[in-house]
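Below: the structure, in structure tokens.
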Amino acid sequence: MEVLCYALASALLVLTGAVVSGGLSLPRRLPRENTAEAAPDDALSRDIAALMAYGREEEEENAV
């Protein structure tokens with residue numbers, strides 16, 4: 001039993017060393033091709049930035 005634990009621990013250490021050294025890469029999720037989900041967020045952010053800039057322009061005109 002003790003030998004089995006040592007064997008498993010050494011295999012885990014070898015695997016960890018291979019991952020850390022870059023010799024083995026872990027599987028990664030593929031990037032999503034659908035960009036339609038990102039478009040509304042960008043449009044919303046753009047609209048909010050435009051509204052905030054519009055309010056600042058009016059305040060600057062009144063202050064001068």
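By convention here, the first residue in the shown sequence is residue 1. None of the values given here were measured: they were computed from a predicted structure.
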Is there a path from M52 to L44 through hydrophobic residues (I, L, V, M, F, W, Y) whose side chains come within less than 4.5 Å of each other? yes
List in chain and number order the residues that pass side chain to side chain contact (heavy atoms under 4.5 Å, CB included) with L13, two or more places apart in sequence or in another chain; answer none if no residue qualifies. none
Show every side-chain hydrogen bond (donor to acceptor under 3.5 Å, both in side chains) that has at least one partner inside residues 9-22, sequence neighbours left out. none
Hydrophobic cluster of V3, others only, ordered by chain and residue number, side-chain cut-off 4.5 Å: none
